[in-house]
Amino acid sequence: MSMEKRTGQPGRNWLYVFIVFIAGIVAAMQVIKPSIAAPFLQTSLAIDLPSVGWLISVFALLGVVGGIPAGAFVSAMGDRRILLCGLSAITLAAGVGAAAPSFELLLATRIIEGMGFTLVIVAGPALITRLAPENSKSMAFGLWSCFMPTGIALSMLCGPLLPNWQAVWGTSAVTVAAALIISMIVLPPSQKGSFSWKELRADTRATFRSSGPIILAITFALYSLQFFTIFSFLPVLLTERMSVSLQTAGMLSAAATAMNILGNLTAGFLIGQGLQRWKLIAVATLVMGMCSIGILLPILPNSAVLALCMLFSAVGGLIPATLLATAPVLSSEPRLAPYTVGLVMQGSNLGQVVGPIAVGSVINAFGWSSVVGISVLAAALCVGASVLLRQVLCTK
């Protein structure tokens with residue numbers, strides 16, 4: 001049976017999209033698991049919050065420099081192969097990490113997990129472009145954009161139920177392995193292209209010479225900095241602020257993170273209704289900035305803080321979905337779309353690297369209230385980036 005026939009049935013095509021979505025979810029579940037396991041890590045490995053911040057941030061470190069190369073590998077080796085490579089790397093690293101006797105080895109395994117994560121999130125959009133029904137690609141991308149908040153919410157919900165950090169890592173390895181096996185069985189093969197370092201350099205230069213992808217990457221970096229400023233240590237914040245158990249804090253954090261999914265899906269609808277993309281980003285980031293003030297400063301009752309966390313997450317979900325939907329539009333050439341997605345994800349990972357490290361260090365030195373400055377500055381810069389995005393979109 002030809003690939004066209006195998007991938008041309010709408011029902012089966014949506015199955016493929018769902019499998020890719022699941023792969024993205026299990027990869028995203030790895031992002032902030034050090035935050036979930038922070039109390040266990042601090043006790044077992046005798047590390048402080050800045051060190052936990054490094055365990056979170058180093059996960060994204062590979063993505064900061066590896067997004068565009070990952071896009072090139074997708075074009076050269078095929079989207080399915082790269083997805084499977086990414087899931088395999090996460091499975092191996094999480095399994096080794098579960099038995100890590102020291103902070104240094106655990107940190108090394110997080111780097112490998114980050115490499116795998118980068119491969120998965122760059123291969124995912126390419127798979128959806130190839131496999132989603134032609135008349136439903138925007139809906140498919142709206143679903144894909146939910147992978148990050150869904151994975152983080154599940155991690156926050158399930159992680160605190162486990163007895164120690166080793167169980168968190170071991171369970172994550174098993175979960176990703178299951179997604180790997182399903183993806184190997186279900187997803188259809190992809191065409192293998194060609195790869196050369198000369199082509200990589202030329203296509204990378206072409207991507208960087210286009211202002212649109214760069215602005216998208218900067219905007220995503222500022223959004224990620226805002227989001228992870230709050231959510232990287234949200235279970236710890238709620239535990240200290242509300243004096244609740246880690247399990248309760250995890251459930252509340254999961255509920256808040258799940259609201260991001262609502263924003264992701266709403267963004268697709270609003271874009272379809274003709275709402276300007278730069279306005280979505282500008283309004284969302286302003287609301288996030290204002291919410292962060294109430295969340296971080298000890299001026300509101302616990303119920304209000306939790307409500308602001310929900311609003312911060314829901315409104316914030318408008319931004320990544322809008323940026324991912326805009327990436328193909330602003331790609332300098334259709335064939336360079338994986339490169340544009342890779343560059344945009346490099347921006348996302350940059351925010352994930354800077355945010356937890358900066359926040360962990362600032363909290364350790366000055367307390368939670370001092371983090372407000374980071375969040376407000378990121379919001380202001382993100383508004384400026386959205387104005388630049390408006391100018392670029394007007395030329396398309």
Side-chain angles (χ1 to χ4, degrees), residues 30-65 97 100 102-111 113-114 117 152 155-156 159 165 168 218 220-242 246 249-250 253 256-257 285 288-289 291-299 305 309 312 316 346-382:
Q30 318 307 311
V31 174
I32 62 168
K33 65 185 180 186
S35 175
I36 305 300
F40 300 130
L41 289 167
Q42 288 176 296
T43 301
S44 179
L45 298 181
I47 61 176
D48 53 15
L49 275 182
S51 296
V52 175
W54 273 106
L55 286 174
I56 298 170
S57 296
V58 77
F59 181 85
L61 192 58
L62 266 293
V64 174
V65 296
S102 66
F103 169 75
E104 291 76 16
L105 180 56
L106 190 60
L107 189 65
T109 64
R110 288 289 288 172
I111 294 176
E113 286 185 18
F117 177 75
I152 292 176
S155 184
M156 287 180 167
W165 71 266
V168 173
I218 292 172
F220 215 147
L222 293 168
Y223 162 75
S224 293
L225 178 58
Q226 278 185 277
F227 185 84
F228 285 96
T229 290
I230 301 295
F231 276 81
S232 288
F233 294 100
L234 186 58
V236 180
L237 171 63
L238 295 180
T239 300
E240 294 182 4
R241 183 71 59 83
M242 298 184 177
L246 182 61
S253 299
T257 307
T285 196
M288 290 174 70
C291 286
S292 67
I293 297 174
I295 293 170
L296 294 167
L297 295 180
I299 57 178
V305 171
C309 288
F312 177 96
Q346 283 184 238
S348 173
N349 282 299
L350 179 61
Q352 292 179 46
V353 168
V354 174
I357 293 175
V359 171
S361 300
V362 169
I363 293 171
N364 211 46
F366 306 107
W368 284 102
S369 299
S370 58
V371 181
V372 170
I374 298 176
S375 183
V376 171
L377 177 61
L381 293 174
C382 196

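Atom set for the values below is all heavy atoms of this structure, side chains included, hydrogens, waters and symmetry mates excluded.
- F228 places a side-chain heavy atom less than 4.5 Å from the side chain of I152.
- For T43 (side chain) and F40 (main-chain N/O), no donor-acceptor pair under 3.5 Å exists by modelled atom type.
- Between F117 and N349, some side-chain heavy-atom pair lies under the 4.5 Å cut-off.
- Side chains of T285 and Q226: a donor on one and an acceptor on the other come within 3.5 Å.
- Rounding to the nearest 0.5 Å gives a distance of 11.5 Å between CD1 of I230 and OG1 of T257.
- Here the straight-line distance linking atom CZ of F366 with atom OG of S361 works out to 10.0 Å at 0.5 Å rounding.
- Distance SG/C309 to CG/L238: 5.5 Å, rounded to 0.5 Å.
- With respect to L296, the side-chain contact (heavy atoms from CB on, under 4.5 Å) criterion is satisfied by exactly one of V376, V371, I374: V371.
- Residues S155 and Q30 form no side-chain contact, since every pair of their non-hydrogen atoms from C-beta on lies 4.5 Å or further apart.
- You'll find the side chain of I295 reaches within 4.5 Å of the side chain of L237, heavy atoms only.
- A heavy-atom distance below 4.5 Å is not found between the side chains of W54 and R110.
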Task: Intermediate values then yes/no, side chain to side chain contact (heavy atoms under 4.5 Å, CB included), L55 and I47 - done: CA-CA 11 Å; L55 286 174; I47 61 176; 4.1 Å; yes
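- The shortest side-chain heavy-atom distance between L41 and L106 falls under the 4.5 Å cut-off.
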